Structure formats: C-alpha cells, structure tokens
Amino acid sequence: MTIATSTRLADGRELIYFDDGAHAKSHTALDTRPLDARSEENTGELRYDALTGDWVAVAAHRQTRTYLPPADQCPLCPTTGANLSEIPDSAYDVAVFENRFPSLGPAVGTIPQNPAWGTIGRAFGRCEVVAFTPEHTGSFAGLSQERARTVIDAWAHRTEALSALPGVKQVFPFENRGQDIGVTLHHPHGQIYAYSYVPPRSEVMAAAACMFYDAHNGQATLLGDIVRKESESGERMIAQGEHFSAYVPFAAHMPLEIHLTPHRHVPDFAALNDAERDELAVMYLDVLRRLDNLYDTPTPYIAAWHQAPLDPVLRPAGRFHLELTSPRRAADKLKFLAGSEAAMGAFINDTTPEQVAALLRSTPGTLTPKADLL
C-alpha cells in the first residue's frame, strides 16, 4: 500500500511524498529557501476565443520558469547542500508538488458563464508536478514495477483530491518525454492539470461518447465497443491482459500511437481497483519499453491519461484510457504538425496502424539500456 505524506514548501505550496508500500520513510526536512509567500492574486487570465468557443490561458509569468538546468541544479532531485531543490528531503520515492510556475491557479473557482468576445476570467485551476524517481537520469520505462505502481497510486490520489476542488471540470495527468517534445527539465517527471473548463479535445470526445451512450440507452460505451472490436480484429492489438488492452487505434493520428484501455468501464485512476492498478503498472511499462526498443535511441512521446469530465451529464459515458503518441516516423525523422494538422486539425498519417502494431508486437517489452534522451 502506497503511503502519502503531505507537507508545505517555503512559499506555501503543497508537497506530497508517496512512498513505496514496503519502504515507508520519515519526511521531516523543511524547505529553507527564502521564497516569498505565494498569493492567489497572481493567478493568470483566461480569455474566451469567440471564433472557436475555446478558452485560452494567458500565463506570461511562465516566461521565467526553469529551462533545462544543469544536473547539479535540477529542481526535482533531492535537496543537497549545493542544490536547494523543490523537494527538501534527501531521499524520496515519488513526489508531487504544486508547480511554482503554473499555467492555471493557484486560485480555484468558477469561470464566467455565457462568455462572448472580450470575456476575460481568472485562470482558475491547479497545476502539479509529479517526480517519478529521485534519479536524475532515466525514464518511466526504467522504473521498477513497484515504483510504477506507486506512481499510479499517486495519480489516483491526486485525481480524487483535485476533482473535489471548487470549479474543477477535468483532471488530466500527462507526461512530456524528450526534448523533441519540448520538455524543460530532463529529470523523469510528469504533470497534472486540473482545468476549470472542459478542454476542446475532451469536449469532442465527450460528445461522441455521449451520442453512442444515449443511442444504446446507457447500456454500452463507445470506448468499450472500440476495445471489443479491436480485440476481435486483432490486427492492431499489441498486448492484452485480464483488465487492460493495448492497441494501435484504427484511425491513428500520429506515426506512433498506442491506446491502453481498461476492460471495465471506469471514469478515472481513482476508480481502478487494486488488481487493475497492478496490471496497469505491468502493461504500461511493457508498452513504454516496446516504444523505446524500436530504435537505437529513446523515443520522444506524450503520455495523455484521459479521464472522464466531472460534468454530471458527460461523465457517465466517459471511460478512462491512455493515449500515447510520438511524432517519430523513422529512426532519424520526426513528423511536424504543419498546415493541414496544425491549422485545420486534419491529420495525415505517414504510417499504417496495422504495420505499426505488427512492429510493436515483434519488439520486446523488456528494459534495454541505452543513452538517455537529451
């Protein structure tokens, strides 16, 4: 059982340590940095785009955030005498803390209703950083099964806590891996955003899910139907367990795209039972290692954990799942989102899902040491 210990950083931000169940630690170190107390008045803006119906966060303060610091100044490594980091303890397993340079928050609340051109609201919400390991080098794929399970428990803990905050409409855990994706810290880590609105892609997915759900009188879900059909076809299936299936989707948008979906209808991490969390740790590591073993160097990716929106109308039809995507279309080539994709949202895939699935099935899901992705 994962053990959580909450404390506060020097400026008042929350920090939570998550210890592997068999290795509980005492976390008593204090953050001694001379930081000014954080104020909720520093929350950024949300501006309404009347042309698309989207909310855009304006967070100019993020221009000063930490960018690719040297290893001995990493803010996610345990604190030492020479490096007073964001994590004051000298040892930890997994740590989650409020982002010092958040896109959303730290104030929470309800955004303007019935917006129109010119509507400005506060960028309510919460942004958290998840440090997967105290080790500065490596990746999630290099974690032990026990540590991966601890991270999953941390995601579940934070999903439940953030979902209860006033005004939060969606909780989104994710990881950007690799400098080609745009990471600003090399240390293995992810993030969690708690939005005060339902983001555009979630709205599209929720609308499709609700249409299917209503058409089947609430007796079937869209994603459940897709998993069943992918399983029956088998062409794009990569791995299947008792509780999860991993597959390349029929209409994959990106050169490398893998979906990992539970067999049971659950809305989010918090709803997974122990058996499901155990298997998810195994299967997620397997998928990431297959991805990395495709080429001689680690593959950049975005791991997007889609959870059902908290809106009571949208939530019943939404099913938790992972969408793992990479722009890597060959060992030495990346796909860039240009005119058709970036401007029109009309994707053109340079690979076929069936070929990618066959390649991933033939690639081992075991850890293969290689140079770190910089």
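Remember, it's a predicted structure, so these values are computed and weren't measured experimentally.
- One finds the CG atom of D31 at 7.0 Å from the CG atom of D11 (value rounded to the nearest 0.5 Å).
- Classification of the Y193-Y195 ring pair by plane angle, with boundaries at 30° and 60°, yields perpendicular.
- Remark: the backbone N or O of G12 is paired with a side-chain donor or acceptor of R8 at under 3.5 angstrom.
- Heavy atoms only, all atoms of each residue included: A281 and A148 are closest at CB-CB, 4.1 Å.
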When you look at R228 and E232, which way does the side chain to side chain contact (heavy atoms under 4.5 Å, CB included) test go after all the steps? CA-CA 6 Å; R228 178 180 61 80; E232 290 172 352; 3.1 Å; yes
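- Side chains of T133 and Y92: a donor-acceptor N/O pair is absent below 3.5 angstrom, by distance only.
- Between H187 atom NE2 and C77 atom SG the span is 5.0 Å, to the nearest 0.5 Å.
- The main-chain N or O of E128 is never found under 3.5 Å from a side-chain atom of N99 such that the two would form a donor-acceptor pair.
- Residues R236 and F250 are in side-chain contact: their nearest non-hydrogen atoms beyond the backbone lie under 4.5 Å apart.
- In this model, a donor atom of one side chain and an acceptor atom of the other lie less than 3.5 Å apart for D20 and T150.
- When all heavy atoms of N176 and Q191 are compared, the closest pair comes out as ND2-NE2, 4.0 Å.
- Note that CD of E279 is 10.0 Å distant from CG of N273, once rounded to the nearest 0.5 Å.
- Atom CD of Q73 sits in a crowded spot, with more than 12 heavy atoms from other residues, nucleotides or ligands closer than 6.0 Å.
- A salt bridge links E86 with R33; the closest basic N to acidic carboxylate O contact falls under 4.0 Å.
- Checking Y284, F172, F320 one by one against F269, the ring pair (Phe, Tyr, Trp, His ring centres under 6.0 Å) holds for a single residue, F320.
- Looking at P298 and R177, their side chains come closer than 4.5 Å, going by heavy atoms from C-beta outward.
- Between the side chains of T52 and D49, at least one donor-acceptor pair of N or O atoms lies under 3.5 Å.
- Between the side chains of S85 and T79, at least one donor N or O sits under 3.5 Å from an acceptor N or O.
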Show which side-chain atoms of residues 108-119 pair as donor or acceptor with protein atoms under 3.5 Å away, not counting sequence neighbours.
residue, atom, partner, partner atom, Å
Q113, NE2, I111, O, 2.9
T119, OG1, A116, N, 2.9
T119, OG1, A116, O, 2.9

Begin from the C-alpha positions of D153 and R277 and carry the test side chain to side chain contact (heavy atoms under 4.5 Å, CB included) through to its verdict. CA-CA 8 Å; D153 283 343; R277 295 186 193 189; 2.9 Å; yes
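- Taking CG from L162 and CD from Q307, the interatomic distance works out to 9.5 Å, rounded to the nearest 0.5 Å.
- Under the 4.5 Å side-chain heavy-atom criterion for ILVMFWY residues, a single connected hydrophobic cluster contains both V130 and L322.
- The two residues F174 and A304 make their nearest non-hydrogen contact at CB-CA, 4.4 Å.
- Here H157 and F18 bring their ring centres to under 6.0 angstrom of each other.
- Taking the side chain as every heavy atom from C-beta outward, R149 and D278 approach each other to under 4.5 Å.
- Looking at S231, its side chain never comes within 3.5 Å of a backbone N or O of V227 through a donor-acceptor pair.
- Using a distance-only test at 3.5 Å, with no hydrogens or angles considered, a donor-acceptor pair links the side chain of H321 to the main chain of R319.
- Taking the six-membered ring where the residue is Trp, W305 and W155 present tilted rings, their angle falling between 30° and 60°.
- Put simply, F97 and Y17 are part of the same group of oily side chains (I, L, V, M, F, W, Y) that touch within less than 4.5 Å, one to the next.
- Criterion: ILVMFWY side-chain heavy atoms under 4.5 Å apart, direct or through other members. Under it, I302 and M254 are not part of a common hydrophobic cluster.
- By the 4.5 Å heavy-atom criterion applied to side chains, H243 and L280 are not counted as neighbours.
- Cluster membership check: Y301 shares its hydrophobic cluster with Y295, using side-chain heavy-atom separations under 4.5 Å among Ile, Leu, Val, Met, Phe, Trp and Tyr.
- When side chains are defined from C-beta on, I16 does not count as touching T5, because their heavy atoms never get closer than 4.5 Å.
- Under the 3.5 Å distance criterion, with hydrogens and angles disregarded, a donor-acceptor pair is assigned to the side chains of Q355 and T352.
- Smallest separation of non-hydrogen atoms from L359 and S362: O-OG, 2.8 Å.
- No side-chain donor-acceptor contact under 3.5 Å links E276 to the backbone of L272.
- Closest approach of N83 and C74 over heavy atoms only: ND2-O, 2.9 Å.
- The pair E98-R126 counts as a salt bridge, with a side-chain nitrogen and a carboxylate oxygen less than 4.0 angstrom apart.
- If you chain together hydrophobic residues whose side chains sit under 4.5 Å apart, I226 and Y213 never meet in one group.
- Looking only at distances, no side-chain donor or acceptor of S196 sits under 3.5 Å from a matching main-chain atom of V168.
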Hey, mind stepping through D286 and T366 against side chain to side chain contact (heavy atoms under 4.5 Å, CB included) and telling me if it holds? CA-CA 7 Å; D286 175 84; T366 54; over 6 Å; no
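- In this structure the side chain of V96 never reaches within 4.5 angstrom of the side chain of V129, judged on heavy atoms.
- V356 has its side chain within reach of L256: a pair of non-hydrogen atoms, C-beta onward, lies under 4.5 Å apart.
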Applying side chain to side chain contact (heavy atoms under 4.5 Å, CB included) to I238 and V287, what does each step give before you reach the verdict? CA-CA 8 Å; I238 299 169; V287 165; 5.5 Å; no
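- Within the 4.5 Å cutoff, side-chain heavy atoms of H186 are placed close to those of Q179.
- From L76, atom CG reaches atom NE2 of H189 across 6.0 Å, with rounding to the nearest 0.5 Å.
- Although no hydrogens or angles enter the test, the distance criterion places no donor-acceptor pair under 3.5 Å between the side chain of N217 and the main chain of Q219.
- Between the side chain of S233 and the main chain of E230, no donor-acceptor pair closer than 3.5 Å is present.
- The local environment of NZ in K169 is sparse, with at most 12 non-hydrogen atoms from other residues, nucleotides or ligands closer than 6.0 Å.
- Between the side chains of S245 and Q240, at least one donor-acceptor pair of N or O atoms lies under 3.5 Å.
- Remark: D268 engages R315 in a salt bridge, criterion side-chain N to carboxylate O under 4.0 Å.
- Although no hydrogens or angles enter the test, the distance criterion places no donor-acceptor pair under 3.5 Å between the side chain of R158 and the main chain of I192.
- In this structure, A308 and G318 approach most closely via the heavy-atom pair CB-O, 3.8 Å.
- A salt bridge links E323 with R201: the distance from a Lys NZ or Arg NE/NH1/NH2 to an Asp or Glu carboxylate oxygen falls below 4.0 Å.
- Taken from CE in M283 to CD1 in I258, the straight-line distance is 10.5 Å, to the nearest 0.5 Å.
- With 3.5 Å as the limit, one finds a donor-acceptor pair spanning the side chains of R328 and T299.
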